[in-house]
Each structure stands twice: as C-alpha cells, then as structure tokens.
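Structure record follows, encoded as structure tokens.
Numbered from 1 within each chain, the chains take letters A, B, ... in sequence-line order.
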There are 2 protein chains.
Amino acid sequence: MKNKIGIIADSFLFKGLPEAQLAEVARIAKEKKLGRGEAVFFEDDPASGFYMVAEGRVKIFKVSMGGKEQILHVFGPGEPFGEVAVFHGQPFPANAATLVRSTLLYFPRQEFVRLVTANPSLALNMIAMLSLRLRRFANQIENLSLKEVPGRLASYLRYLAEEQARDDRVVLDLPKGQLASLLGTSPETLSRIFARMSEEGLIRVQGKTIHLLDMERLRER
Amino acid sequence: MKNKIGIIADSFLFKGLPEAQLAEVARIAKEKKLGRGEAVFFEDDPASGFYMVAEGRVKIFKVSMGGKEQILHVFGPGEPFGEVAVFHGQPFPANAATLVRSTLLYFPRQEFVRLVTANPSLALNMIAMLSLRLRRFANQIENLSLKEVPGRLASYLRYLAEEQARDDRVVLDLPKGQLASLLGTSPETLSRIFARMSEEGLIRVQGKTIHLLDMERLRER
DNA sequence: AGTTGCCATTGACCTAGGTCAAAAATATTT
DNA sequence: AAATATTTTTGACCTAGGTCAATGGCAACT
C-alpha cells in the first residue's frame, strides 16, 4: 500500500508541484480510516476542509425526503472530493460515505486555500479538475432527463468498458443496488432491465461480470 | 447600454483585476450580435474560445436522439459560458443558443489561458465560478432524480423569488415551453401542473407573472 | 450442516407523466 | 383590423417504471 506522499504525488490534483510543496501538502494532510458504509460527511455540514481517497471508494449522494438515494459520483484512489465547498466557505452540498473500507486524506481548509493562492500550477490543476467534473455532471443530467433506464445502463457499461480497456466484458465496480442509485432508478427495475437486455442478446450477466455481446446495439440505446 | 469594458469590469469573473489587465481583456474580446433563437455553438464543436453574455440571455442545452431538449442552464448579462471546454482544449460538451436578441463577447482560447496562468486572482475567480456551477448542477441532478415535476417547479419558483427579491410574485424569465425544457418535462405536463397548483390555491398564473399564494406549502413540494 | 441476514429476482399492481391531436389563446406580420 | 404564425391549454390514451410483497441465492458466522 502506498503512503501519504505517494498518493499525493501521483494524484492529478497535485501533479507538477515541486518536491518541497509536496512534502508541505503531505504534512498538512491527516489520515483517516473508515469501515465500509461509514459516513464521511453530511449535506449541510460546515466544510472545514476536503478529502482525497487514498484507498477504497467513496460515494457522493443526495437523499430525497422519502429516503431515496441519488449517487452523484463515486470517487476512487487519488481523487479529491468536497473541494467545491472549501472555496466558498459554504456547507457541503451533498453527503459522502464509503462504499468499502477506505483510507482518506483530510486537508484543512485554511492551509489548502493558502497553497492554491500561492501556487498557480495547483490552481490550474484545480480548474481542470472542476471542469472535468462539470462535464460529467452535464452528462449525468443528459442521461437522467433524455434517456430511459436501459440507455443509462448502456451508457454506464460503455464507460466501464473504456475505463477497464476491454470491449468484451466489464466488471461492475459497485453492488447492483448502488448502481441503481447511480442510474437514478430502483434495484427492481435495474434487475428487470438486466434480464431484458440478456434476453435480447445484448449482454450476459454473471454476478458482477457483464459480458458485452453486442457493442453496436449497446451504443444505440 | 453598457460598453465592452463596463460589462467586463462588472463581471464576477474579472472582478478584482487591475485596470491595465481589464483593458487588456477588453482588447482581446470580440463583440458578436445575434438575433433571437440563433445558435452560438453546437455540441462537439471545437472550442476555440469562450463567451460572455453582454446583453440578452443564452441557453446551454443537450438534445436527445428524439429531438427533446434539456436545458442545463440559462446565462444572463455578465455570465461567462463555454469556459469549461477551453481549459481542456476539448470540444464543447453541449449546445448554446440565444433565447432573445443578444450581444456576446468572445474570448479566444490562447490569450485567455495566458491571462489566467499569469493572474492568480483570475484563476481563483474561475475556481469560484466553476464551484458555483457544480453546485447548481448537483442541485439539478437532485431535482431531476428525486423530485417530481411539481417539486421541480416549486423549486424553480422559489429560486426566482430569491433572485427577484420578492415573496408575493415572480415573473418568468423564460417562455413556458423553455421552462418545461429546463425542468425536464413537456410543455403539456407543465401546463397541467400550473393548472393543478392553481386549483390547489398554491399559485395564480397571469401570463408570465406567477403569484405565490402559499410559500409554506410551496416549500414542501 | 444449519442458521441468520443481506442482496437480487420475480410477480402484481398502480400512477406520473409522455405522446398525439385538436382547440384556444397570444403574438406577429401584412 | 385581418390574417397568419406561434404558444399554450385541454382531452384521451398509453407506457415506463415505481412500489409492495414474496421468493430465491449466497455469504458469513456459530
């Protein structure tokens, strides 16, 4: 397992920082270990700092009055989250919880803002980070509003295929129930869609492994 | 009507820049006048620069295969758009078109990136801008996925009330059809919801003016 | 091996809201 | 003002997908 400074040095956010700065960043970062399913923070909590995943996976999500969850994003090793709130001094806009046992790095607000202000390259990295995230959100809005559930699933499978660099099969990186939350649907419906797409010969489902039998038609969904 | 430098100096993005820089910014900005309903750019167009609204209103939107529109955001005077693409050198992630006759400022990519790199305060403004936008998008995802149409409408009305600083009535800043696109529904459904909420005594609709008769219950939607 | 608990699947039912078509109300042009 | 075009509203119908409840798998623990 990597140590603090390894994670930091390899992260996109801190890429290109001089050694001295990296050490400085590592110094202000506090390690936090959390078990599976533990909350990191809640919506409307005051944001005294932000986090980076060192190990594990963290979901950012909103909850409806009725208790339904919508996952906004899932973060893995090297990815920062909660930074948005840090810059306004506003409370966190959503909840965060671990999906598996995880190790996080915590960066207190003050010192980080100071670093960014002093470090143009860090500021540019941050801008790139936020831009990418905006693009993802725009995509998610498109998916939720303009596609039905099968289309959203297909879109996610293609995303996984890209990420895992295969076009014959992918491995789900989430339990199916959580995937339903990410796609904005219920576990029951997701299950039915899996069944239907299997019958249609589009995919074959084997536990968490999904065989992609027809990329062409998958693209049209 | 304000001139170029007036718009720039008063914008959030360029706030706090020294005089000289402002003049420099104004120098690289090109004015562009567009009639109502004209396209500014299309999704996947190469992004050679970004825009700021000087006068009028511009919608950013995605279009489904079937032709349905989802508006991501509507920008008014002083607000920049299309900057996200500029930082990656990636194509635009969505379409942009005017809602009314508008005047825009166009900033070519190269020179703007140079400015941001050289100007920490501009970079910080940009970060704040993007953060705010992320927050809005997160909200929109929440609305689309976790609320039904009446809830989304109520949420928008409250947003307008805040923006227009009144709590008795608001004036729609969009034709109803466009509002439907923004809320992720159809004009027909929106019309029905207006009718229903009127019967329930929540609001009274008078053309583009919506009287807010019961803020309490409106909040619970 | 048996028990406990969790997750995934399947069935039955119901409703929010989409679609299509027509009418009515507003704008815009001549 | 008349004529035409554009929005908005209303009605009738239909379906994607949500909810509730029951059942089946599977893993962890004793």
Please identify each residue that fulfils salt bridge (Lys or Arg N to Asp or Glu O under 4.0 Å) with Arg166(B), with sequence neighbours left out.
Asp168(B)
Over how many whole Å does the gap from Phe194(B) atom CZ to dT10(D) atom P extend?
12 Å
Side-chain heavy-atom pair Phe87(B), Phe112(B) within 4.5 angstrom cut-off:
yes
Which atom pairs, donor and acceptor, lie under 3.5 Å between side-chain atoms of residues 199-207 of chain A and protein residues at least two apart or in another chain?
unit_1    : atom_1 : unit_2    : atom_2 : d
Glu200(A) : OE1    : Arg221(A) : NH2    : 2.8
Gln206(A) : OE1    : His211(A) : NE2    : 3.2

Take atom NZ of Lys68(A) and atom P of dG18(D), then tell me their distance rounded to the nearest Å.
6 Å
Value in whole Å for how far the C1' atom of dG17(C) lies from CG of Leu153(B)
15 Å
What is the separation between atom CG on Leu179(A) and atom P on dT9(C), rounded to the nearest whole Å?
11 Å
Determine, for Glu43(B) against Lys62(B), whether the closest basic-nitrogen to carboxylate-oxygen distance falls under 4.0 angstrom.
yes
Less than 4.5 Å apart, side chain to side chain, heavy atoms only: is that true for Val74(B) and Asp173(B)?
no
Under 3.5 Å between N/O atoms: give me all the protein pairs with nucleotides 4-8 of chain D, atom names plus distance.
unit_1 : atom_1 : unit_2    : atom_2 : d
dT7(D) : OP1    : Arg36(B)  : NH2    : 3.4
dT8(D) : OP1    : Lys176(B) : N      : 3.1
dT8(D) : OP2    : Gly177(B) : N      : 2.9

Within this structure, what is the CD1-to-C1' distance between Ile193(B) and dT9(D), rounded to whole angstrom?
14 Å
Kindly write out the residues that satisfy salt bridge (Lys or Arg N to Asp or Glu O under 4.0 Å) with Glu79(B), not counting sequence neighbours, or none if the list is empty.
none
Reckon Thr189(A) has a side-chain N or O less than 4.0 Å from the OP1 or OP2 of dA16(D)?
no
Flag the pair Ser48(B) / Tyr106(B) as yes when at least one side-chain heavy-atom distance between them is below 4.5 Å, and no otherwise.
yes
Close side-chain approach of Glu188(B) to Ser191(B), heavy-atom, < 4.5 Å
no
Cation-pi geometry met for Lys32(B) and Tyr51(B) (6.0 Å, 45°):
no
Collect all protein-nucleotide pairs involving nucleotides 20-29 of chain D in which both atoms are nitrogen or oxygen and the distance is under 3.5 Å.
unit_1  : atom_1 : unit_2    : atom_2 : d
dC20(D) : N4     : Glu188(A) : OE2    : 3.3

Would you please confirm or rule out a distance under 4.0 Å between OP1 or OP2 of dG17(C) and any side-chain N or O of Ser186(B)?
no
Side chains of His73(B) and Phe81(B): closer than 4.5 Å at any heavy-atom pair?
no
Value rounded to 0.5 Å, distance of CD1 in Ile28(A) from CZ in Phe107(A)
6.5 Å
Contacts to DNA chain D from residues 138-151 of chain A, heavy-atom cutoff under 4.0 Å, which residues?
Glu148(A), Val149(A), Pro150(A)
